[in-house]
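Everything on this sheet refers to the single structure shown next.
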Protein chains: 2
Amino acid sequence: MTLPAVGHRVTETATAEDRVGTTRVDTAAEPKYWHLKTVLSEALETEFTVGEVLPNERELAARFNVARATLRQALEQLELEGRLQRRRGVGTTVAPPRVGVSVMEERPAWPGADGEAWQTVDCADSTPLPAVARLLGTAAGERVHTVRRTRLSYGVAVAAESLYVPAASVPGLSSIAASGGPARARAVLRELNRLELQGQERSVELGSARADDARQLDRLPGAPVLVVTSRYRSADRTAAVAVATYRADTCRLTFGESGGLVHQQDLAAS
Amino acid sequence: MTLPAVGHRVTETATAEDRVGTTRVDTAAEPKYWHLKTVLSEALETEFTVGEVLPNERELAARFNVARATLRQALEQLELEGRLQRRRGVGTTVAPPRVGVSVMEERPAWPGADGEAWQTVDCADSTPLPAVARLLGTAAGERVHTVRRTRLSYGVAVAAESLYVPAASVPGLSSIAASGGPARARAVLRELNRLELQGQERSVELGSARADDARQLDRLPGAPVLVVTSRYRSADRTAAVAVATYRADTCRLTFGESGGLVHQQDLAAS
DNA sequence: GAGTGGTCTAGACCACGGT
DNA sequence: CCGTGGTCTAGACCACTCG
């Protein structure tokens, strides 16, 4: 089960290829890819450091005597768990531990309140999806202000958000300054912060990145994301709804006092 | 882009196969499986009802003129988004909307407090994983009480949890009643509830089900789960840590006042 | 036993990142 | 340009469920 080093070449200049080992994964009732994942997982902890690049897929597959598709199934799972990072044209690297991002502060607050973490991209009018319109209480097909924002963590984008604000929520908005750009986005947020915030509710679920979100997150379309839906209440109405998609591979969402909680990847153990 | 019905047989007794259509998915810059997913997604909303069983994979693949593996890639994504449910030996069915499960009540509370939703399975001594031990502040290798619980929603298991309680947190526990079963589990929870709860922190991340959790959730090992890690503080120490894995396909985790929030599957739109 | 989804293979070509 | 991961094919066999 452990990873015996390859017999030849055990000098101090052992390459990444050497350290992966060549343990066969036959003779197992469990699927090959599952066993393979376990073996690789242990190798990652023992023999590799964060950021290090693994041998390429064709080579790994040959080394473990499996088809490339089978190997990829194992890599996919490890990537889903945030242990690996794969980039086309570059290679597969060992991922750093997931970053904890706080998604629920002590006190409820309007988006854009403390100008923290989130970076406004732009603002446009759009007809929200029916599900969002239902939450907002607007008529189907009614256009609402839609502010796009990006959340950065240590310089990299970890989340993309669409904030939907019905015109009724921001009556003070000067319709003259309605150029579709970042200026209008700031105006909408400013008006929103004037309102009294009654409360907010959040939910988290698994989803896959839409094409535009994927681009913003530097991922391929369909990449797994954690979808955080927030509903902001004011004057007994829903004043705004935010749908934020967080990169599931790199993010750990924290609630309550954000503290150093367990990393999922440290919980590996079959 | 829409789904033209098959030319032949448009009687009122159209079968499921008919309603899937035969729209070709070539002539596309985007990947076939992505386009396929979109087409199927629309068909699910338009032509199918919850619980209905789809044509089998070989037939769908033939109908869309793609390899079965390609079709499966599309189905996989739809399942990840909670739109489909696949069971070996049975078939692929249209999944009901995700159920909202509350994972953070208004006021912090000890596990087992209101005997709600969670069902105690058993209790044993175990040496928690290093990451958990670090959170607990116990020595590596130290054995702690480990209560296994299951969360039911409408009769089906939606989450499996391991609650780790160091012996120091429950000094009043009579070591005589230390039979490894449910009785001890209840005793541990009872003692825990005697303590003053100072606060709790939670985090959510994506993971894949370990073999035992998968069994408890009626899923295959490796199935996507939302891992909720909770830390309970008392007397300026970490009194307990809970690691709960929720079925990502069927669950929507709610925070704050649990309300009818948006369903991710209603947010589909590329 | 028949039918389903799950696993696996051995190829091929494509899209992208860096050189 | 080359090497990488991403997509796709056309098969095969296995594990499971159910009648």
Side-chain angles (χ1 to χ4, degrees), chain A residues 16-17 24-37 40 52-62 64-80 84-95 208-209 211 214-215 218-224 249, chain B residues 16-17 24-37 40 52-62 64-80 84-95 208-209 211 214-215 218-224 249:
Chain A
E17 294 82 48
R24 293 298 197 80
V25 287
D26 353 62
T27 71
E30 59 194 348
K32 275 187 184 175
Y33 79 91
W34 183 262
H35 195 153
L36 198 48
K37 176 193 148 187
L40 285 169
E52 197 171 352
V53 46
L54 268 61
N56 72 54
E57 296 183 349
R58 290 162 180 86
E59 181 153 342
L60 279 177
F64 287 106
N65 245 295
V66 298
R68 190 175 156 222
T70 304
L71 172 82
R72 277 179 61 81
Q73 216 173 336
L75 294 183
E76 245 154 62
Q77 282 231 0
L78 289 171
E79 190 179 30
L80 203 75
L84 290 179
Q85 202 163 338
R86 300 192 288 172
R87 271 175 305 170
R88 169 156 53 179
V90 179
T92 302
T93 56
V94 181
S208 49
R215 212 175 314 112
D218 189 30
R219 299 260 64 196
L220 292 178
D249 55 343
Chain B
E17 294 81 48
R24 292 300 197 79
V25 287
D26 351 63
T27 70
E30 59 194 350
K32 274 188 186 177
Y33 79 90
W34 184 262
H35 195 154
L36 198 46
K37 176 193 148 187
L40 285 170
E52 197 172 352
V53 46
L54 267 62
N56 73 55
E57 296 183 349
R58 290 162 180 87
E59 181 153 341
L60 279 177
F64 287 105
N65 245 294
V66 298
R68 191 175 155 222
T70 304
L71 173 81
R72 279 179 59 80
Q73 215 173 336
L75 295 184
E76 244 153 61
Q77 282 228 2
L78 289 171
E79 189 180 30
L80 203 76
L84 291 180
Q85 202 164 339
R86 299 192 288 173
R87 271 176 304 168
R88 168 153 54 177
V90 179
T92 302
T93 56
V94 181
S208 49
R215 213 175 312 113
D218 189 31
R219 298 260 63 195
L220 291 178
D249 56 344

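Model, not experiment: these values are computed from the prediction. Reminder, nothing fancy here: chain letters follow the sequence lines and each chain counts from 1.
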>> From CD of A:Q85 over to P of D:dT4, roughly how many Å is that when rounded to an integer?
In response: 18 Å
> Where along nucleotides 10-19 of chain C does protein come under 4.0 Å, by heavy atom, of base (B) or sugar-phosphate alone (S), with - for untouched nucleotides?
Replying inline: --BB-BBS--
>> Given C:dT7, C:dT4, D:dG5, identify the nucleotide with an atom nearest to the side chain of B:N56.
In response: C:dT4
> Separation of B:E79 atom CD from C:dT4 atom C1', in whole Å?
Replying inline: 14 Å
>> Can you identify which nucleotide, out of C:dC8, D:dT9, C:dT4, has its nearest atom closest to the A:Q73 side chain?
In response: C:dC8
> Do B:R219 and B:D249 touch side chain to side chain, with heavy atoms closer than 4.5 Å?
Replying inline: yes
> Rounded to whole angstroms, how far apart are CG on A:L71 and C1' on D:dT4?
Replying inline: 14 Å
>> What's the closest nucleotide to the side chain of B:Y33 if the choices are C:dC8, C:dT7, D:dT7?
In response: D:dT7
> Nearest-Å distance, CG (B:L60) to C1' (C:dG5)?
Replying inline: 12 Å
> To the nearest 10 degrees, how far apart in direction are the end axes of the helix from C:dG1-D:dC18 to C:dG18-D:dC1, each fit to five base pairs?
Replying inline: 20°
>> Rounding to an integer number of Å, can you tell me how far B:N65 CG sits from D:dC8 P?
In response: 13 Å
>> List the residues meeting salt bridge (Lys or Arg N to Asp or Glu O under 4.0 Å) with B:R68, not counting sequence neighbours, and say none if there are none.
In response: B:E57
> Tell me: CG of B:L75 to P of C:dT4, nearest whole Å?
Replying inline: 14 Å
>> I need the CG-P distance between B:L54 and C:dG3, as an integer number of Å.
In response: 19 Å
>> Between B:E76 and B:L84, is the side chain to side chain contact (heavy atoms under 4.5 Å, CB included) condition met? List the steps.
In response: CA-CA 8 Å; B:E76 244 153 61; B:L84 291 180; over 6 Å; no
> Does B:T70 place a side-chain N or O at less than 4.0 Å from the phosphate oxygens OP1/OP2 of D:dT9?
Replying inline: yes
> Over how many whole Å does the gap from A:L36 atom CG to C:dC8 atom C1' extend?
Replying inline: 12 Å
> How far apart are the C-alpha atoms of A:L40 and A:L75, what are their side-chain angles, what is the distance that settles it, and do they pass the side chain to side chain contact (heavy atoms under 4.5 Å, CB included) test?
Replying inline: CA-CA 9 Å; A:L40 285 169; A:L75 294 183; 4.0 Å; yes
>> Less than 4.0 angstrom from a charged side-chain N to a carboxylate O is my criterion; do A:E79 and A:K37 meet it?
In response: no
